[in-house]
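The structure appears below as structure tokens.
Quick caveat: nothing in here was measured; it's all calculated off a predicted structure. Worth knowing before you read on, the calculation uses all heavy atoms, side chains too, and leaves out hydrogens, waters and symmetry mates.
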Amino acid sequence: MIISILGIWGILLNRRNIPIMSMPIESMLLAVNSNFLVFSVSSDDMMGQSFASLVSTVAAAESAIGLAIFVITFRVRGTIAVESINSIQG
């Protein structure tokens with residue numbers, strides 16, 4: 001619970017740089033994983049451990065895709081500041 005609150009707090013406070021904004025999201029995924037593992041052990045069920053491994057896989061894929069987006073944005077715009085990315089139009 002504390003890790004997820006710190007993750008939400010980190011997102012609300014760090015709105016300048018995109019990689020720094022993505023770190024609290026990873027900490028919230030860590031909180032979800034730890035909750036799955038704790039409740040899996042306490043209820044003597046393997047489903048929580050299965051979900052924890054699934055969440056870890058999704059978090060790794062999300063990090064890889066996010067890093068690729070950061071690199072492309074930096075190459076095109078020269079910065080990864082949030083203020084300059086707000087002007088992106090579809």
Side-chain angles (χ1 to χ4, degrees):
M1 183 70 178
I2 294 172
I3 298 174
S4 60
I5 291 172
L6 287 174
I8 293 170
W9 185 59
I11 289 174
L12 293 176
L13 289 181
N14 298 322
R15 292 189 179 189
R16 293 185 185 169
N17 204 349
I18 294 177
I20 294 174
M21 285 176 58
S22 68
M23 285 184 214
I25 295 172
E26 296 297 324
S27 69
M28 289 191 306
L29 286 172
L30 175 69
V32 169
N33 271 344
S34 62
N35 282 333
F36 278 144
L37 292 175
V38 166
F39 288 121
S40 172
V41 168
S42 67
S43 65
D44 199 26
D45 189 19
M46 290 293 291
M47 288 302 291
Q49 295 174 11
S50 302
F51 283 133
S53 64
L54 179 68
V55 169
S56 296
T57 306
V58 170
E62 178 229 344
S63 296
I65 291 171
L67 183 62
I69 290 171
F70 298 154
V71 169
I72 290 171
T73 304
F74 183 75
R75 285 184 182 172
V76 170
R77 298 208 180 256
T79 183
I80 50 176
V82 177
E83 292 86 19
S84 66
I85 295 177
N86 284 339
S87 63
I88 293 176
Q89 298 292 322

Pairs of donor and acceptor atoms involving the side chains of residues 57-64, under 3.5 Å and at least two apart or interchain, shall be tabulated with distances.
unit_1: Thr57; atom_1: OG1; unit_2: Ser53; atom_2: O; d: 2.8
unit_1: Ser63; atom_1: OG; unit_2: Glu26; atom_2: OE2; d: 3.1
unit_1: Ser63; atom_1: OG; unit_2: Ala59; atom_2: O; d: 3.0

Compile the donor-acceptor pairs under 3.5 Å between side chains in residues 43-50 and protein atoms, sequence neighbours left out, one pair per line.
unit_1: Ser43; atom_1: OG; unit_2: Phe39; atom_2: O; d: 2.8
unit_1: Ser50; atom_1: OG; unit_2: Met46; atom_2: O; d: 3.1

I'd like a table of donor-acceptor pairs (distance under 3.5 Å, sequence neighbours excluded) in which one partner is a side-chain atom from residues 28-37, with atom names and distances.
unit_1: Asn33; atom_1: ND2; unit_2: Ser56; atom_2: OG; d: 3.1
unit_1: Ser34; atom_1: OG; unit_2: Leu30; atom_2: O; d: 3.3
unit_1: Ser34; atom_1: OG; unit_2: Ala31; atom_2: O; d: 2.8
unit_1: Asn35; atom_1: ND2; unit_2: Ala31; atom_2: O; d: 3.4

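In this structure, CD1 on Ile25 lies 11.0 Å from CD1 on Ile8, to the nearest 0.5 angstrom.
For Ile5, the side-chain contact (heavy atoms from CB on, under 4.5 Å) test picks out Met1, with sequence neighbours left out. Under the side-chain contact (heavy atoms from CB on, under 4.5 Å) criterion, Ile2 pairs with Leu6, sequence neighbours left out.
For residues 52-77, there are no ring-ring contact (aromatic ring centres under 6.0 Å, His included) pairs, not counting sequence neighbours.
The minimum heavy-atom distance between Gly7 and Pro24, with the atom names listed, is O-CB, 3.1 Å.
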